[in-house]
Amino acid sequence: MRRITPTRLRSLPALATLSLACGGPLDPRDLQLLTGTRLLAVRVETEELVEEDLQLQPGAEALPLEHVTIVPAAVRPGGFITPDELEAEIAPIWIACIDAPDDDLSFETPACLDGYLPTRLADIPVCVEHVAPPQPDDEIPSRREACRIATSPPRYHVPLAEELSVNPRVELTVIASQTGKNSGACADQLLGEQEIGDDCISARHHVRIGPFEALAGSSEDVAPDDVSRNRHFRITGFRATVLDDDDEPTEEQEIPVGGRLTLSEGESAEIEPIVPDEDRQLFPSSDPAESKESEPEIFSASWFHTWDGGALGLRLDEDEEEKDMGPGLCDDEEEDLAVHWTQDKDPKPGDDRLYVFVKDEKNGVAWASLDVVVQ
């Protein structure tokens with residue numbers, strides 16, 4: 001059976017970013033510049049009951065028998081596409097898949113859906129609601145399945161499955177047509193292991209199952225409380241440092257989400273999304289040798305833009321040359337969410353819309369945009 005390779009089935013780790021960020025067949029600069037409709041991220045939001053005064057952001061991971069809503073982030077040069085517009089324009093088809101436990105959870109592992117190929121869309125059953133076992137001590141069932149999410153907006157009920165306690169994720173595959181007219185045909189081509197048409201879009205993401213402590217069920221006192229569950233976060237604005245043509249800072253500004261940064265010809269800017277401190281969670285330290293019991297989550301960013309008169313690069317560093325800003329940061333040892341926006345070698349007036357996608361290490365993601373205007 002032929003495998004679906006990464007060049008055929010692209011991944012969308014919560015990020016909101018393409019999995020090709022750390023290497024792949026595409027030039028990062030081609031990925032940065034948006035010239036048409038692009039699906040760039042997926043946000044999985046847990047539906048849960050919380051006290052209103054807690055003002056919590058939606059959960060980014062779910063436990064068995066919880067519902068999640070799937071929120072895609074699609075953009076065009078003119079702005080973000082609403083979920084309703086996306087449904088009408090590309091008619092995406094969502095397939096959920098639970099696989100057997102695997103020792104290697106990297107992107108290089110075959111897609112879960114690969115184990116069901118070749119097949120047809122009509123032969124994949126619709127996802128259903130699952131019920132809890134009659135008795136708490138009943139054995140957790142083994143469940144390996146692929147099912148089609150038929151609701152709009154897409155909504156999935158996480159089943160109770162033995163596989164999820166070892167391989168805590170549910171794979172999501174989205175298949176669509178860029179024109180919205182041939183999504184079913186695109187699905188049958190991909191599922192039938194045929195060559196898919198140029199009009200077709202396919203991508204992969206995961207529903208993270210957790211928190212693990214509650215999933216393991218090692219103690220009656222362990223519960224998916226508000227501290228242990230990973231949550232999404234907000235981008236509340238941008239910090240911008242304007243640089244002259246010698247890369248010397250001249251002023252600092254705070255730009256609201258959807259706002260505008262105005263530059264003169266020859267100027268550049270370092271731009272950083274603002275994530276409120278109260279949205280940054282603390283989790284147990286991953287290094288047992290460290291004395292600290294908890295550490296803040298680490299974020300990484302991906303940037304895209306719409307005008308070929310501008311370019312994106314990493315923040316300037318005195319000790320090393322500036323690098324091209326690919327669609328994601330592959331080294332999370334030191335968090336740096338900023339981008340260095342520069343003008344073309346031949347400056348000219350124009351308007352560049354920048355999109356940023358920020359992700360944490362546990363499926364949390366947020367996105368926002370601003371305009372850079374050259375007068």
With no hydrogens and no angle check, just 3.5 Å: does a side-chain donor-acceptor pair link Asn230 and Asp360? yes
What's the separation between atom OG1 in Thr342 and atom CG in Asp245, rounded to the nearest 0.5 Å? 13.0 Å
Indicate whether the side chain of Asp351 and that of Trp307 have a donor and an acceptor atom separated by less than 3.5 Å. no
Would you indicate whether the side-chain heavy atoms of Trp303 and Pro273 approach each other to under 4.5 Å? yes
What do the steps show when you test Asn167 against Asp99 for side chain to side chain donor-acceptor pair (under 3.5 Å), and what is the final call? CA-CA 8 Å; Asn167 186 5; Asp99 204 354; 5.5 Å; no
When you look at Ile271 and Leu261, which way does the side chain to side chain contact (heavy atoms under 4.5 Å, CB included) test go after all the steps? CA-CA 10 Å; Ile271 306 170; Leu261 172 64; 4.1 Å; yes
Could you go through the side chain to side chain contact (heavy atoms under 4.5 Å, CB included) check for Cys97 and Glu145 one step at a time? CA-CA 6 Å; Cys97 189; Glu145 65 177 11; over 6 Å; no
Determine yes or no for a side-chain-to-main-chain donor-acceptor pair under 3.5 angstrom, with Asp336 supplying the side chain and Ala338 the backbone. yes
Shared ILVMFWY cluster between Phe304 and Ile201, side chains joined below 4.5 angstrom? no
Would you confirm whether Thr46, through its side chain, and Glu61, through its main-chain N or O, come within 3.5 Å as a donor-acceptor pair? yes
In terms of hydrophobic clusters joined by side-chain contacts under 4.5 Å, are Leu337 and Ile274 together? no
Is the Cys127 SG less than 2.5 Å from the Cys147 SG? yes
Nearest heavy-atom approach of Arg229 to Gln281 is O-NE2, 3.0 Å
Closest non-hydrogen contact found for Pro92 with Val174 is CB-CG2, 3.7 Å
Using only atom types and a distance under 3.5 Å, with no angle test, would you say the side chain of Gln178 pairs donor to acceptor with the backbone of Gly36? no
Drop me the distance from Leu121's CG to Ser183's OG, to the nearest 0.5 angstrom. 10.0 Å
Would you sort out whether Arg280 and Phe299 count as a side chain to side chain contact (heavy atoms under 4.5 Å, CB included), showing the intermediate values? CA-CA 9 Å; Arg280 189 183 294 262; Phe299 295 146; 3.7 Å; yes
For the residue pair Ser142 and Glu163, confirm or rule out a side-chain donor-acceptor distance under 3.5 Å. yes
Treating Ile, Leu, Val, Met, Phe, Trp and Tyr as nodes and any side-chain heavy-atom pair under 4.5 angstrom as an edge, say whether Leu370 and Leu263 lie in one connected cluster. yes
Compare all side-chain heavy atoms of Ile149 with those of Ile95 and state whether any distance is below 4.5 angstrom. no
What donor-acceptor contacts under 3.5 angstrom involve side-chain atoms of residues 74-87, with partners at least two apart or in another chain?
{"from": "Arg76", "atom 1": "NH2", "to": "Glu89", "atom 2": "OE1", "distance (Å)": "2.9"}
{"from": "Arg76", "atom 1": "NH2", "to": "Glu89", "atom 2": "OE2", "distance (Å)": "2.4"}
{"from": "Thr82", "atom 1": "OG1", "to": "Glu85", "atom 2": "N", "distance (Å)": "3.1"}
{"from": "Thr82", "atom 1": "OG1", "to": "Glu85", "atom 2": "OE1", "distance (Å)": "3.4"}
{"from": "Glu85", "atom 1": "OE1", "to": "Thr82", "atom 2": "N", "distance (Å)": "3.0"}

Does a side-chain N-to-carboxylate-O contact under 4.0 Å join Glu47 and Arg155? yes
Out of curiosity, does Ile90 fall in the hydrophobic cluster containing Val71 (side-chain heavy atoms, cut-off under 4.5 Å, transitive links)? no
Verify whether one side chain among Asp244 and Thr250 offers a donor that lies under 3.5 Å from an acceptor in the other. no
Side-chain contact test, heavy atoms from C-beta onward, threshold under 4.5 Å: evaluate it for Val356 versus Val339 and give yes or no. no
Within the supplied structure, the quantity of interest is the number of heavy atoms (other residues, nucleotides, ligands) at a distance under 6.0 Å from Glu252 CD; does it exceed 12? no
Run Leu34 and Tyr355 through side chain to side chain contact (heavy atoms under 4.5 Å, CB included) and show every step you take. CA-CA 10 Å; Leu34 301 176; Tyr355 298 96; 3.5 Å; yes
Give a yes-or-no answer on whether the side chains of Glu129 and His67 include a donor-acceptor pair shorter than 3.5 Å. yes
Hey, what do you get for CG (Leu191) to CD (Gln194), rounding to the nearest 0.5 Å? 9.5 Å
Between His232 and Gly364, is there a donor-acceptor pair closer than 3.5 Å when you use the side chain of the first and the backbone of the second? no
Check whether Arg231 reaches the backbone of Gln57 with its side chain - one donor and one acceptor, N or O, closer than 3.5 Å. yes
Give a yes or no on whether a salt bridge exists between Asp188 and Arg120, defined as a side-chain N under 4.0 angstrom from a carboxylate O. no
To check you understand the geometry: which heavy-atom pair defines the closest contact between His157 and Val128, and what is its length? CB-O, 4.3 Å
Are side-chain heavy atoms of Arg208 and Pro168 found at a separation under 4.5 Å? no
In terms of heavy-atom contacts, does CZ of Arg143 have more than 12 from other residues, nucleotides or ligands at under 6.0 Å? yes
Close side-chain approach of Pro159 and Ile98, heavy atoms under 4.5 Å: yes
Consider only side-chain heavy atoms of I, L, V, M, F, W and Y, link residues closer than 4.5 Å, and tell whether Trp341 and Val358 are in one cluster. yes
If I take atom CG from residue Leu190 and atom CG from residue Leu113, how far apart are they, to the nearest 0.5 angstrom? 7.5 Å
Where Leu63 and Pro211 come nearest, the two heavy atoms and their spacing: CD2-O, 3.9 Å
For a 4.5 angstrom cut-off between non-hydrogen side-chain atoms, does Arg43 reach Pro72? no
Would you tabulate the side-chain donor-acceptor contacts of residues 233-243 under 3.5 Å, counting partners in other chains and residues two or more places apart, or write 'none'?
{"from": "Arg234", "atom 1": "NE", "to": "Asp279", "atom 2": "OD2", "distance (Å)": "2.8"}
{"from": "Arg234", "atom 1": "NH2", "to": "Glu278", "atom 2": "OE2", "distance (Å)": "3.4"}
{"from": "Arg234", "atom 1": "NH2", "to": "Asp279", "atom 2": "OD1", "distance (Å)": "3.1"}

With a 4.0 Å cut-off on N to O distance, would you call Arg169 and Glu171 a salt bridge? no
Considering all heavy atoms, the nearest Gly310-His305 contact: O-CE1, 3.0 Å
Salt bridge between Glu297 and Lys359, side-chain N to carboxylate O under 4.0 Å? no
Within the 4.5 Å heavy-atom criterion, are His340 and Ser268 side-chain neighbours or not? yes
What's the separation between atom SG in Cys186 and atom CD1 in Ile93, rounded to the nearest 0.5 Å? 8.0 Å
Given Ile175, Thr173, Val42, the one that forms side-chain contact (heavy atoms from CB on, under 4.5 Å) with Trp94: Val42
To the nearest 0.5 Å, atom CD1 of Ile298 lies from atom NZ of Lys362 at 12.0 Å
Got His206 and Leu172 here, is their nearest side-chain heavy-atom distance under 4.5 Å? no
What one should report as the nearest heavy-atom pair of Val170 and Leu164 is CG2-CD2, 4.0 Å
